Amino acid sequence: MSAPTEHGAEVAAAVADPIADPGLSEHQPRPTDVDPAKEKRAERQVAALFAISAISSILFVVAYFSFKIGEKPDVVMGLGASHVALGLTLGLSLLLIGVGAIQLARKLMADHEIVEYRHPAVSSEEDRETALASLRDGIAESGIARRPLVRNSMLLGLGLLGVPVVVALRDLGPLPGDALEHTVWGRRKLIRLVQDVTGTPIKPEDLEIGQLVNGQPELFFEDGANETYDLQSEKAKAAIIIVRMQPDEIAAAADRKDWGVDGILCYSKICTHVGCPISLWEQQTHHLLCPCHQSTFDLADNGRVIFGPAARALPQLPITVDSEGYLASQSDFLEPVGPSYWERG
Amino acid sequence: MSKAFDSNDKNAAATAKPNKAGKAAEWADERLGLAGLAKKNLRKVFPDHWSFMLGEIALWSFIVLLLTGVFLTLWFKPSMAEVTYQGSYAQLRGLEMSEAYASTLDISFDVRAGLLMRQIHHWSAMLFIAAMIVHLMRVFLTGAYRKPREINWLIGGGLLLLGILEGFAGYSLPDDLLSGTGMRIADGLVKATPVVGTYMSFFMFGGEFPGHVIVPRLYIAHVLLIPGLILGLIGAHMLLLVYHKHTQWPGPGRTNDNVVGYPMLPVYAAKAGGFFFIVSGVTTLMGALLSINPVWKYGPYNPAEVTAGSQPDWYMGVAEGLLRIMPGWESHLFGYTISWNVMIPGQIGPFLIFGAILAYPFIESWVTGDKREHHLLQRPRNAPTRTAFLVSLMTLYGLLWAAGGNDILATQFHLNLNSITYFMRGAIFIIPAIAFFVTRRWCISLQRHDNEKLLHGYETGIIMRSPDGAYSERHLPLDEERAYSLTARDRDQVYVGAPEADANGIKSRAARKDRLRARVSAAMFDANVQKPTSAELADAHHHAEEAAAQDHALIGHHADGHELDGHREYLVSDEPLRDH
């Protein structure tokens, strides 16, 4: 690591290598080189390894046809019998070929080291000149340098070819528009909150204090919902959690006083960090924790972030009860749900 | 081979021993001119060292990935269309799910060896990336990236990035709950991009997340686009390796101008070829016995569900850790949102770390101004700053990894999750810095130890007592080969910079750069210990001889000092017993 251009040369000369290169050490014979018995033994070892590999391959075929698949997928260490048998036989037949080959190389093949000389990566001065001359000739013959009009128009043409390439990708997807600002909760007023798996509507008296229920809008369980909605995409925004707390423990903001029903509040289930569905509920503290990156929200305090990487409070859905006494939405969320994005403001 | 090279007449060229293989080779050579290539490369020399095997593991696991991957494509259906599962796995029968997930279940439960191939594929993917990272560390620590290998260093970096991308695309394909959650997070990362984030997300997913096109799009990237790029880069990586010839450790007869080792045919072909079977055999056994990514346990993707303790594949751990410990910073400017809490850990941080490693060789070569070719490896201790730099980044990597599993750490060790996170926020800055200084001092101490051995010999473990009762340990000189290997390295030159040329006090840009270079050079190399000079060595040997003469006077027995160090050439049983 010297700097030859500055002052390396004289320093290097002053302190030459303290020990001279003794040259390559002498070749040491291996036991298999001098002892015919050991050589034979190594030969038998290698042959045995290859032979067992061959047997293992045959056993693979046997296992393939003799084990049924699919009936009991967890009989051997949580895995299927066919799977384990096929894996062990195939693994062994591969592994033993490898072990055999390396044993062969180490014990029986000649082990004399060879010296090869390196050449600098750089091409010779002559090659360089010839290449440069060819390049100059080629460019000169093309006449590009003498004809700026041709050169510039060619560059323009090639440059603009990039535009169709980019524009052609336009139909990869629709423009965002205001899609992220709305959810299906805005389709109409008084959409019932239902249990997310069964689709049953919920009455306030069904919920105990401290209970959390995962919910969805009833729209997803109506006839023909599959055709009306892109269910996965809509669920990714409309999913909610419904919690019941002691009414006097809730510190609702001034404009949110009438967003709940008897201590029952409804929040978006989609984390405002990067969009995981939030699910871990601590009854005593009213904290809701996201299992992905541990953002924690206080549901008694308007969904405020109290810990973790999320920056925004969990959006709250204003709810009420409908004429039959079921929990239903007052309106859509009043802000976009899910992760932040540039235009969100 | 034969006379075919120079006799292109009507008579068939006469071979010394006409056989089928010879004829086939002749047929091919007449059309491809193979002999020219083969003559240069069949006996090409490769030096031997265990650490040269790490890149090979990456190469072979990639081949395993290609083979098992082709098997999987024969059954996998990259479609997000809803189907009702009717396969063998009873717990999920009758459930609505995407075709991608259903076909993954079919591969796992209704195709013989299907689950085996899936598990080999996943294990190999992890091994592929792990081997690339360890290989990168080997190349970095030994300075193998120096001229003329800088381009291959960058190609390797590109391969690692592509490998990680390929892995992420792959584990997103089955469309199970865990991979869907991973895509959800990826969507959040993309949306955090300033100005164009929402558009990027909508173009990726063909509309709103998750949409219906992401699995087929990831599929074509995973099976064609990215593997194609990886294959091309591997080809370039190998070609440059052959052109530059492999680096080697310095030693007797092993210089910067030669390469010493075994020939490609037969030894290296057998070892490397055999090693392919070992890598594929081991990954097959892992696939057979170690369950990985059991997607049937997670269920189909539902954007409203998540499993607690969700973890990405290990190589995403750095981004995951950064995401988890980042404070929730977000700015709102003129009606627009900048999500620092997602951008910094997801889009900036990992690339900054990676960029720092990739850039280090270029910074180092600017500081040293070294324009020579280097084919001899350096021991990590002999480049203390470089080694310390990598160790500090390794420490950072480990900490972020732990941060990425902060929930697991909290539940396994009964710790407070919040405390772990707060700790990590400071630790990722402080602990790598400590690791840097400790490693640097450690390397320098090891360099001193090397010099100690060169000058005063190695410790034999034999305690001598002088007539006046003083005890000392007997030291013996290193053998010549070992001593040469220890000194076969360059002396570091600290760049002092040009003397201040500008007499009129105007500080030019070039002068500022020059001073910076001098300062960095001093920081990098000033504290290093250089190998002894010839004079120092001769002086030390003179002392040693005097000491040996004294020792000799003390020895009442013909012990040669090799009783305990295993260097003697006869057996202990041959040693005559003392008669008292």
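Treat the numbers as computed from the prediction; the structure is a model and nothing was measured. Numbers restart at 1 for each chain; the letters A, B, ... are given by sequence-line order, proteins then strands.
- The backbone N or O of C276(A) lies less than 3.5 Å from no partner atom in the side chain of R184(B), so there is not a single donor-acceptor pair.
- Neither the backbone nor the side chain of Q103(A) comes within less than 4.5 Å of any heavy atom in chain B.
- Although no hydrogens or angles enter the test, the distance criterion places no donor-acceptor pair under 3.5 Å between the side chain of E373(B) and the main chain of P120(A).
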*With side-chain contact (heavy atoms from CB on, under 4.5 Å) as the test, would you mind laying out the steps for T337(B) and Y341(A) before giving the verdict?*
CA-CA 6 Å; T337(B) 303; Y341(A) 51 93; over 6 Å; no
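- Judged by distance alone, the side chain of D21(A) and the main-chain N or O of G253(B) form a donor-acceptor pair under 3.5 Å.
- For a residue to count as touching a neighbouring chain, one of its non-hydrogen atoms must lie under 4.5 Å from one of that chain's; by this rule E536(B) does not touch chain A.
- Ring geometry, Y336(B) versus W342(A): the interplanar angle falls under 30°, so the pair is classed parallel (tilted spans 30 to 60°).
- Checked for salt-bridge contact, K191(B) and E343(A) miss the test: no charged N lies under 4.0 Å from a carboxylate O.
- Looking at Q294(A) and T421(B), their side chains never bring a donor and an acceptor atom within 3.5 Å of each other.
- Interface remark: N256(B) contributes backbone atoms only to the contact with chain A (heavy atom separation under 4.5 Å).
- Among the candidates S233(A), P291(A), A105(A), A239(A), the residue making the largest number of heavy-atom pairs closer than 4.5 Å to chain B is S233(A).
- Contact annotation for R43(B): both backbone and side-chain heavy atoms come within less than 4.5 Å of a heavy atom of chain A.
- Here H273(A) contributes atom NE2 and R324(B) contributes atom CZ; the two are 10.5 Å apart, rounded to the nearest 0.5 Å.
- Of the atoms belonging to Y268(B), not a single heavy atom falls under 4.5 Å from chain A.
- Annotation: the span from D171(A) atom CG to F203(B) atom CZ amounts to 8.5 Å, rounded to 0.5 Å.
- In this structure, the separation between NE2 on H293(A) and CG on L323(B) is 4.5 Å, given to the nearest 0.5 Å.
- With a threshold of 4.5 angstrom between heavy atoms, S82(A) approaches chain B through side-chain atoms but not through N, CA, C or O.
- Using a cutoff of 4.0 Å between basic side-chain nitrogens and carboxylate oxygens, K237(A) and E208(B) are scored as salt-bridged.
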